[in-house]
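Written out below as structure tokens is the structure these notes cover.
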Amino acid sequence: MRVLFAASEVYPLLKTGGLGDVAHSLPDALVGIGVDVRLAVPGYREIMAQAEALRVLGWVHLAGGREARILEGRHPAISSPLWIVDLPDLFDRSGLPYTDQNGHSWHDNPARFIYFCEACAALALDALELDWSADVVHANDWQTGALPAFLALHASRPRTLFTIHNIAYDCQFDFGTFKALHLPAHWWSVDHGEFYDRFSMLKCGLVSSDLITTVSPRYAEEIRQPEFGYGYASILEQQAHKLSGIINGIDNATWDPQSDPHLVAHYHVGGSIGSAKRANRDALLRAMGAADDALAFDGPLIGSVGRMVYQKGIDLLLDIVPQMVTQSDARFAIIGSGEPGLEQQLRALTADYPGRVFHFIGYSETLAHQLEAGCDMFAMPSRYEPCGLNQMYSLRYGTPPIVRDTGGLADTVVDASPQNLADGTANGFVFADATAESLQQALLRALELFREPKQWMKLAKTGMRADFGWRNSAAQYLALYQQ
Ligand code: ADP
Ligand code: GLC
């Protein structure tokens with residue numbers, strides 16, 4: 001089985017969120033079950049600088065007389081060869097993959113990712129005559145939405161699978177841009193990529209792929225409803241026969257409290273975890289600027305890591321922090337970056353409640369690992385969450401998650417109801433409404449159980465014992481490829 005896996009980011013080379021984690025760990029798991037994977041990525045500056053053993057495979061011709069240089073590279077953390085689409089005027093720049101330094105989408109994103117897709121399609125069809133053509137092409141999110149469509153132009157072609165990691169993100173452009181990109185005229189139609197008089201890269205992927213998956217069974221249901229579908233619900237309803245949900249796995253090697261190089265103390269489910277967690281907590285709080293007297297205070301520490309945007313419900317959490325720290329002994333450690341207003345609110349909370357609220361605004365892989373290990377519980381009040389990885393990292397690190405009943409959160413976290421506690425299935429706390437009150441009730445329930453160490457340890461260890469690795473999910477992808 002030969003699979004060309006195309007993604008616009010991949011950990012550890014370049015990552016903005018969970019897509020980068022999945023583009024690393026899913027291909028890795030597929031290789032582990034015998035799939036021959038090529039990982040196609042854009043030639044961003046960071047990738048060109050970090051890829052090793054680079055060699056030129058050739059040039060592919062693109063529309064409008066463009067040529068893309070294709071390189072093959074390797075990276076010690078990535079098990080499949082990287083096929084890098086080198087288009088320096090589009091990808092060799094500083095800034096983030098999709099946005100400039102000010103957080104605005106790159107104005108030439110349509111060209112960047114249309115040409116990336118066109119080059120990937122040529123590679124899948126062995127345009128470079130490398131004696132490797134794909135049986136299946138696996139595309140991910142809007143950045144690769146045109147890839148199944150380019151392949152559909154060929155009678156003899158690999159089958160295509162399109163995975164939605166987040167339906168709220170898309171790249172849409174007008175007819176002038178469509179013409180300038182030399183796209184096939186029939187793509188501008190309501191049965192294809194045309195969407196309210198714009199061209200939608202996401203819709204293009206949905207309508208032109210053979211199969212669609214999303215990253216949890218619950219989200220596969222949700223996106224067929226207007227509330228979660230971001231305008232695509234009816235399209236997905238029409239395509240329901242080819243849509244399914246496969247829960248993401250996590251990379252058990254990168255996220256392992258027994259060997260994680262970012263931790264100051266290691267632990268595992270078979271031993272006592274309390275003292276190691278305390279050591280990690282102190283290291284975390286120190287790194288977040290805590291003074292000695294703050295380390296001496298012994299209230300439960302509630303953590304959060306994530307993009308500070310509407311999706312994540314971080315505003316709900318920030319809104320209840322004042323009440324929580326004045327009416328209980330809870331403390332908060334929050335890592336993230338995003339909307340300036342939310343960042344500002346977080347800074348103000350840290351200033352107002354010294355020793356009780358800690359933050360890091362920015363991106364830090366090390367702190368994210370330390371937080372998973374050092375906190376007592378983890379809050380993830382997402383309004384929607386296609387899968388979510390952090391709740392699974394939390395479970396593995398013995399840090400019970402408090403999550404909203406949506407998407408992949410609902411599929412991975414089992415509420416600490418009396419019944420679930422009694423039968424040993426509970427691993428966290430689940431609440432229903434995307435409101436501050438509902439979140440607060442769940443946090444209070446968690447704090448109450450935390451005061452019963454035996455019960456709490458049982459809950460934490462249930463999460464640690466579960467296997468959230470890729471084995472099952474990779475097998476489900478392979479079954480779809482075979483189909
Ligand atoms: P999403 O992809 O929607 O952002 P996920 O939970 O799937 O959400 O994945 C987020 C990933 O990005 C996790 O690996 C998480 O640890 C990481 N992450 C998010 N924000 C930060 C940050 N500020 N610092 C470090 N890691 C972060
Ligand atoms: C998206 C989603 C997140 C998911 C990740 C990886 O960024 O927001 O829920 O875990 O993709 O699939």
Between [X] and [Y] (judged by ring centroids, cut-off 6.0 Å), do the two rings come close enough to count as a pair?
{"X": "Tyr384", "Y": "Phe228", "value": "no"}
{"X": "Phe5", "Y": "Tyr477", "value": "no"}
{"X": "Phe468", "Y": "Trp255", "value": "no"}

Taking atom [atom1] of [X] and atom [atom2] of [Y], what is their separation to the nearest 0.5 Å?
{"X": "Thr462", "Y": "Leu395", "atom1": "OG1", "atom2": "CG", "result": "9.5 Å"}
{"X": "Leu371", "Y": "Leu284", "atom1": "CG", "atom2": "CG", "result": "5.0 Å"}
{"X": "Ile246", "Y": "Asn472", "atom1": "CD1", "atom2": "CG", "result": "10.5 Å"}
{"X": "Glu221", "Y": "Ser216", "atom1": "CD", "atom2": "OG", "result": "10.0 Å"}
{"X": "Glu339", "Y": "Leu346", "atom1": "CD", "atom2": "CG", "result": "13.0 Å"}
{"X": "Leu161", "Y": "Lys242", "atom1": "CG", "atom2": "NZ", "result": "10.5 Å"}

Any non-hydrogen side-chain atom of [X] less than 4.5 Å from a side-chain atom of [Y]?
{"X": "Tyr230", "Y": "Asp170", "result": "no"}
{"X": "Glu448", "Y": "Leu444", "result": "no"}
{"X": "Ile33", "Y": "Leu478", "result": "yes"}
{"X": "Pro27", "Y": "Val10", "result": "no"}
{"X": "Ser304", "Y": "Phe332", "result": "no"}
{"X": "Asp467", "Y": "Arg471", "result": "yes"}
{"X": "Gln143", "Y": "Cys171", "result": "no"}
{"X": "Val22", "Y": "Val215", "result": "no"}

How close do [X] and [Y] get, counting heavy atoms only, and between which atoms?
{"X": "Pro81", "Y": "Arg38", "result": "CG-NE, 3.7 Å"}
{"X": "Pro226", "Y": "Ala233", "result": "N-CB, 3.8 Å"}
{"X": "Ser80", "Y": "Val31", "result": "CB-CG2, 4.2 Å"}
{"X": "Pro257", "Y": "Met464", "result": "CG-CE, 4.5 Å"}

Using a strict threshold of under 4.0 Å (side-chain N to carboxylate O), is an ion pair present between [Y] and [X]?
{"X": "Arg445", "Y": "Asp415", "answer": "yes"}
{"X": "Glu372", "Y": "Arg396", "answer": "no"}
{"X": "Arg383", "Y": "Asp433", "answer": "no"}
{"X": "Glu9", "Y": "Lys15", "answer": "no"}
{"X": "Arg331", "Y": "Asp376", "answer": "no"}
{"X": "Glu385", "Y": "Lys312", "answer": "yes"}
{"X": "Asp405", "Y": "Arg218", "answer": "yes"}
{"X": "Asp282", "Y": "Arg286", "answer": "no"}

Does the pair Ile302 and Leu443 meet the rule for a side chain to side chain contact (heavy atoms under 4.5 Å, CB included), with working shown?
CA-CA 9 Å; Ile302 303 174; Leu443 285 180; 4.1 Å; yes
Under a 3.5 Å cutoff, is there a donor and acceptor pairing between the side chains of [X] and [Y]?
{"X": "His359", "Y": "Thr350", "value": "yes"}
{"X": "Gln101", "Y": "Ser94", "value": "yes"}
{"X": "Ser337", "Y": "Glu343", "value": "no"}
{"X": "His165", "Y": "Asn140", "value": "yes"}
{"X": "Ser79", "Y": "Asp28", "value": "yes"}
{"X": "Thr213", "Y": "Ser244", "value": "no"}
{"X": "Tyr232", "Y": "Ser200", "value": "yes"}
{"X": "Ser8", "Y": "Tyr98", "value": "yes"}
{"X": "Tyr397", "Y": "Asn280", "value": "no"}
{"X": "Tyr393", "Y": "Asp21", "value": "yes"}
{"X": "His138", "Y": "Thr163", "value": "yes"}
{"X": "Gln258", "Y": "Asp256", "value": "no"}

Can you check whether [Y]'s main-chain N or O pairs, donor with acceptor, with [X]'s side chain at less than 3.5 Å?
{"X": "Thr144", "Y": "Asp141", "result": "yes"}
{"X": "Thr160", "Y": "Asp210", "result": "yes"}
{"X": "Arg404", "Y": "Val430", "result": "no"}
{"X": "Ser438", "Y": "Ala434", "result": "no"}
{"X": "Thr254", "Y": "Asp251", "result": "no"}

Before giving the answer on side chain to side chain contact (heavy atoms under 4.5 Å, CB included), spell out for Trp83 and Leu4 the whole-Å C-alpha distance, their side-chain angles and the decisive distance to 0.1 Å.
CA-CA 9 Å; Trp83 279 1; Leu4 185 86; 3.8 Å; yes
Ser382 vs Gln311, side chain to side chain donor-acceptor pair (under 3.5 Å): CA-CA, chis, key distance, verdict
CA-CA 6 Å; Ser382 306; Gln311 171 191 350; 5.7 Å; no
Test Leu54 against Arg74 for side chain to side chain contact (heavy atoms under 4.5 Å, CB included), laying out the working first.
CA-CA 7 Å; Leu54 282 174; Arg74 307 287 316 207; over 6 Å; no
Residue pair Asp352, Arg347: steps toward the salt bridge (Lys or Arg N to Asp or Glu O under 4.0 Å) verdict:
CA-CA 9 Å; Asp352 290 348; Arg347 281 195 194 93; over 6 Å; no
Has Tyr353 got more than 12 heavy atoms of other residues, nucleotides or ligands less than 6.0 Å from its OH?
yes
Walk me through whether Ile402 and Met380 qualify under side chain to side chain contact (heavy atoms under 4.5 Å, CB included).
CA-CA 6 Å; Ile402 299 146; Met380 210 160 161; over 6 Å; no
NZ or CZ of Arg451 within 45° of Trp456 ring axis and under 6.0 Å:
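Here Arg451 fails the 6.0 Å and 45° test against Trp456.
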Under the side chain to side chain donor-acceptor pair (under 3.5 Å) rule, what do Lys458 and Gln455 come out as? Steps first, then yes or no, please.
CA-CA 5 Å; Lys458 184 175 168 193; Gln455 284 275 31; 5.1 Å; no
Please report the C-alpha distance between His262 and Thr366 in whole Å, then the side-chain angles of each, then the deciding distance to 0.1 Å, and finally whether the side chain to side chain donor-acceptor pair (under 3.5 Å) criterion is met.
CA-CA 6 Å; His262 300 292; Thr366 296; 3.1 Å; yes
